[in-house]
Amino acid sequence: MAIINDSITDPNKILPMKYLWARQHYKDGVNNNWTPEEVSMQKDVEQWKSNAVLGEKERRLILWNLGFFSTAESLTANNIVLAVYRQVTNPECRQYLLRQAFEEAIHTDCFIYCCDSLGLDPNYIFNMYKTIPSIKDKDDFVVELTKNVFDTNFSTKGIENTRKFIHDLVGYYVIMEGIFFYAGFAMMLALKRQNKMIGVGEQFEYIMRDESLHLAFGCDLINTIKTEYPEVWDKKFQKELVDLILKGVEFEKKYALDACPEGVLGINAQQFVEYVEYITDRRLERIGLPKQFDTENPFPWMSQSVDLSKEKNFFETRVTEYKTAGSLEW
Ligand code: FE
Ligand code: MN
């Protein structure tokens, strides 16, 4: 039985399981359950409405990130439900994909909640993926590179099609969720560290924790396909993927500089760029590709929240209430 291209797999028969990592990601996802309404936005509303706390630069950074994430979550959800789910017939992976789809719905809900509570114009925020070039470029890039897989006649049969599918997985899991989300995470968490927009910041923390699981699942899926279809993973294809990821990195750097042109809160804009390089190396290594930058992590404070694998007590506040059995070790 294989994870894709397998006619023996019965998608309805989950036991006995073959891919225990998928099951573990599912359980970790359940343990991380949260909803946006549990986070108070009262202080954020006060800060947003007053002129005393937030400068123009900070407002721009907040709007750009709400603008990017508000629609990026739907783009990823569509990819899971309309493309990935059809190709991955293995039942424990599908159980995880359903969980991930639910989490993306929660994330979209989070941006509805932020828009509502801050009194932002939803047409402005939810159209930024079309009207703001640095956001549009990122979204167009992943949509373009994954459009083969969206064709309802697409199948992963054969080396070339399996590669196209891996392209899709790299596009959404590694580039979108693994790179395009991270300049924004760093910016919003930096604000929160300064006690600015702490409600939005807390929600970004929850999203980031979910996203690091999505990324982990995506990388495990890619690595499993590599192991099961080693002929796909030749040097030429590896180079193609590295080039693709590097192209994505350029878009993310542009976005970071656009959202925060002169830096903010004592962080210069270049540090967000360095952070993007740092996390890109981690993503490359995770799927067995050579790192490209060797940049030092400019925000060591991010790593305790990003690296869920080391996560134990960082998210003490609310999360523990949801925890039932199981642990976060994987
Ligand atoms: Fe998400
Ligand atoms: Mn996600």
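Note that ligands are numbered from 1 as they come in the structure, with each ligand's atoms numbered from 1 the same way. In this chain, residues are counted from 1 in sequence order. Atom set for the values below is all heavy atoms of this structure, side chains included, hydrogens, waters and symmetry mates excluded.
- Between the Fe ion (ligand 1) and E177 there is no N/O/S contact shorter than 2.8 Å.
- Between the side chains of Q270 and E274, no donor N or O sits under 3.5 Å from an acceptor N or O.
- Between F237 and H167, the angle of the ring planes goes over 60°, which puts this pair in the perpendicular group of the 30/60° scheme.
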Discussion item. Apply side-chain contact (heavy atoms from CB on, under 4.5 Å) to residues Y182 and S212 and explain how you reach the verdict.
Written reply: CA-CA 10 Å; Y182 278 80; S212 45; 4.0 Å; yes
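- A cation-pi contact, defined as under 6.0 Å to the ring centre and within 45° of the axis, links R94 to Y85.
- Hydrophobic clustering, defined by side-chain heavy atoms of Ile, Leu, Val, Met, Phe, Trp and Tyr closer than 4.5 Å, groups I14 together with L15, M17, L20.
- Nearest to the Fe ion (ligand 1), among the N, O or S atoms that E104 has, is OE1.
- Of all N/O/S atoms in E211, OE1 sits nearest the Mn ion (ligand 2).
- Counting backbone and side-chain atoms alike, D210 contributes no N/O/S atom closer than 2.8 Å to the Fe ion (ligand 1).
- In terms of distance to the Mn ion (ligand 2), the nearest N, O or S atom of E177 is named OE2.
- Centred on the Fe ion (ligand 1), the angle running from H107 (ND1) to E211 (OE2) is recorded as 100°, rounding to 10°.
- Between the side chains of H214 and E104, at least one donor N or O sits under 3.5 Å from an acceptor N or O.
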Item to complete: Check step by step if ring-ring contact (aromatic ring centres under 6.0 Å, His included) holds for Y129 and F68.
Response: CA-CA 6 Å; Y129 83 118; F68 168 67; 9.9 Å; no
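- Not a single N/O/S atom of H214, whether from backbone or side chain, sits less than 2.8 Å from the Fe ion (ligand 1).
- For a distance bound of 2.8 Å, the N, O or S atoms of E73 include one lying that close to the Fe ion (ligand 1).
- Closest to the Mn ion (ligand 2) among the N, O or S atoms of E104 is OE2.
- Minimum-distance N/O/S atom of H214 relative to the Mn ion (ligand 2): ND1.
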